[in-house]
Novice: 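Here's a structure for you.
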Amino acid sequence: MNNKQKGLAAISIFLVLFSGGWYANEFNKRTIHEKGLDGPNSVNVQQLDNHIVPTTGPFQPREYIRIGNRVPNRAE
């Protein structure tokens with residue numbers, strides 16, 4: 001392959017990927033609009049049923065993750 005064919009192949013691949021991405025973005029916007037998920041002030045935040053999230057201190061040396069309770073303890 002000479003340089004002209006390589007350039008044409010590169011431009012063709014770029015245009016196919018770019019147009020495919022453009023179409024996917026427009027399809028996604030249209031789908032969101034049709035389902036009514038883009039209403040005004042439609043910001044959904046996960047609620048924790050008014051439970052206070054426990055705060056802990058900083059990680060100790062060599063403590064890379066901290067495993068806690070998955071279900072918060074409920075004061076009844």
Novice: Through direct or indirect side-chain contacts below 4.5 angstrom among Ile, Leu, Val, Met, Phe, Trp and Tyr, which residues connect to F27?
Specialist: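 In the cluster with F27 are Y23.
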
Novice: Measure across K6 and M1 and return the closest heavy-atom pair with its distance rounded to 0.1 Å.
Specialist: CE-O, 3.7 Å

Novice: Under the 4.5 Å side-chain heavy-atom rule for ILVMFWY, direct or indirect, which residues accompany I13?
Specialist: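 The other cluster members (ILVMFWY side chains, heavy atoms under 4.5 Å, direct or chained) are L17.
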
Novice: Quick one: ring pair (Phe, Tyr, Trp, His ring centres under 6.0 Å) partners of F14, sequence neighbours excluded?
Specialist: F18

Novice: Enter the distance from L8:CG to N3:CG here, rounded to the nearest 0.5 Å.
Specialist: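 It is 12.5 Å, given to the nearest 0.5 Å.
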
Novice: Drop me the distance from E26's CD to T31's OG1, to the nearest 0.5 angstrom.
Specialist: 11.0 Å

